[in-house]
Engineer: 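To start, I am sharing the structure in question, which I have written as structure tokens.
Residue numbers count from 1 along this sequence. All ligand and atom numbering here is 1-based and tracks the order in the structure. Since we're looking at a predicted model, the values are computed, not measured.
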Amino acid sequence: MNPYEHGEVFVTDDGAETDLDLGHYERFIDENLTHNSSVTMGKVYSSVIEKERKGEYLGKTVQVIPHITNEIKERIYGFENTDTDIVITEVGGTVGDIEGLSIIEAIRQVGLEKNPEDVLYIHVTLLPYIFGSNEIKSKPTQHSVKELQSLGIKPDILVCRTENDIPDSVREKLSLFCNVRKTSVIQNKTADCLYAVPLMLEEEGLAREVCNHLKLDNYIPDNSKWIEMVENIRNIDKEKEIKIAIVGKYIKLEDSYISVIESLYHAGFANKVKVKVDLVDTEKINKENSKEILSKYDGIVVPGGFGNRGIEGKIETIKYARENKIPFLGICLGMQMAVVEFARNVLGLKDANSAEFDGKTKNPVIHIMEEQKGIDKKGGTMRLGAYPCILKEESLAKKIYGKKEISERHRHRYEFNNEYREIMEQEGLKISGTSPDGMLVEMVEISHKKHPYFIASQFHPELKSRPNRPAPLFVGLIKACLK
Ligand code: GLN
């Protein structure tokens with residue numbers, strides 16, 4: 001998935017590389033999901049082809065219907081007889097997309113095979129607002145419902161994305177023309193705060209409609225903690241703000257860094273301060289202009305990434321943050337570049353680099369581990385998912401996390417080269433987190449005595465940040481910025 005086209009790749013504890021929507025699910029429901037929660041057509045086709053090769057369909061013609069659709073249904077039915085009560089299956093894309101046809105057909109069959117009161121279809125549509133005539137248009141919704149019905153699915157509930165309140169007359173029209181009860185036309189208005197959306201949907205009666213349809217006891221949920229959280233977010237003083245630069249290369253699409261951005265907001269909630277995030281193009285940063293571009297920020301994040309483009313700008317950015325004592329958090333590639341910067345500018349190893357960018361350097365301070373060498377193809381060779389990490393006593397990392405052992409999620413190929421450990425530590429780059437066997441460097445930092453906040457991790461702390469349980473490394477960053 002190209003971050004430019006698809007946004008960030010979200011990684012689960014068990015190492016599945018998923019669509020960024022899964023990150024939103026985790027942030028909203030505060031549950032760790034698994035590879036079972038993300039189904040791609042690649043997985044579906046791959047499994048069908050494997051079964052065919054094993055002879056599981058002997059004598060049959062293998063086709064989209066029923067083989068692909070059965071495979072999709074199996075992913076949904078796979079949760080039966082587990083401790084799962086309800087499976088929410090989101091079909092991405094827009095009704096009518098060629099990519100989605102087999103999935104729509106599969107979920108149609110689910111409705112046919114299960115009891116009517118056990119299956120519910122919710123259709124999310126857009127209600128455009130026409131400024132000139134001051135009206136909300138229901139036509140696109142009518143068309144998309146018609147399209148869905150031609151595929152054999154009748155939506156039970158409409159969730160309507162809108163910028164303005166839907167007038168009663170439009171609700172009536174939607175109900176009549178889309179063949180959905182009026183109480184099941186649910187308004188989903190753009191909220192002042194993302195995390196207020198579930199409360200808004202609750203007020204609109206979405207859960208009531210769902211429970212009625214599924215014949216579940218309709219009880220009043222206790223949302224008090226979430227309400228309190230949203231109130232706290234709303235009460236944050238908007239006058240004062242902390243400005244953070246995310247210096248990366250995928251800056252044209254905010255979704256490429258969605259979890260990092262959300263984590264910064266979560267850390268703002270925890271510190272009761274508004275955080276303003278700017279995406280800064282690393283390709284535009286060089287020795288001459290780094291001060292001019294970066295001096296307006298209170299803190300800097302260098303996030304993860306792949307490939308050569310913009311690398312030198314990242315190194316200049318980190319140099320600027322280190323020398324000017326600007327609070328800094330490096331993530332994955334951001335940590336690797338912090339190590340390269342330190343090697344070049346403190347240890348004086350001018351040609352230091354990551355082997356990812358310069359295979360011939362004499363000082364590959366970041367490299368591929370011996371056991372991974374010889375893998376010349378790149379697909380599927382990454383360290384993925386949650387790994388434990390042990391934090392050193394007396395380190396900033398341990399102080400921030402407040403415990404010795406942590407678990408964080410990874411997605412990378414290259415690692416810190418252990419040959420440089422000693423000399424880096426001698427010169428002041430502390431190895432503050434490692435794998436339990438001590439072999440893999442997971443965190444580096446500069447002592448608090450020399451820098452207010454300079455810390456970097458090989459893992460992605462943003463993948464586990466939740467609005468009500470912010471990731472400690474981001475909380476520490478914003479706190480340092482406030483100081
Ligand atoms: N490209 C680097 C690696 O493969 C870093 C990856 C990342 O930042 N997620 O190790």
Engineer: Show the numbers, then the answer: is there a salt bridge (charged side-chain N to carboxylate O under 4.0 Å, His left out) between Arg469 and Asp30?
Structural biologist: CA-CA 9 Å; Arg469 279 193 307 124; Asp30 197 11; 2.7 Å; yes
Engineer: Using a strict threshold of under 4.0 Å (side-chain N to carboxylate O), is an ion pair present between Lys430 and Glu425?
Structural biologist: no
Engineer: If you take the centroid of each ring, where Trp contributes its six-membered ring, are Tyr195 and His266 closer together than 6.0 Å?
Structural biologist: yes
Engineer: Can you check whether Glu427 reaches Phe342 side chain to side chain, under 4.5 Å on heavy atoms?
Structural biologist: yes
Engineer: Parallel, tilted or perpendicular: which fits the ring planes of His451 and Phe454, with parallel below 30° and perpendicular above 60°?
Structural biologist: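 Answer is perpendicular, since the angle exceeds 60°.
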Engineer: With hydrogens left out, which residues have an atom under 4.0 Å from ligand 1, given that only heavy atoms count?
Structural biologist: Gly304, Gly305, Phe306, Cys332, Leu333, Gln336, Glu356, Arg411, His412, Arg413, Tyr414, His460
Engineer: Please, which pairs that meet ring-ring contact (aromatic ring centres under 6.0 Å, His included) have at least one residue in residues 297-320, sequence neighbours excluded?
Structural biologist: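 Sorted pair list comes back empty.
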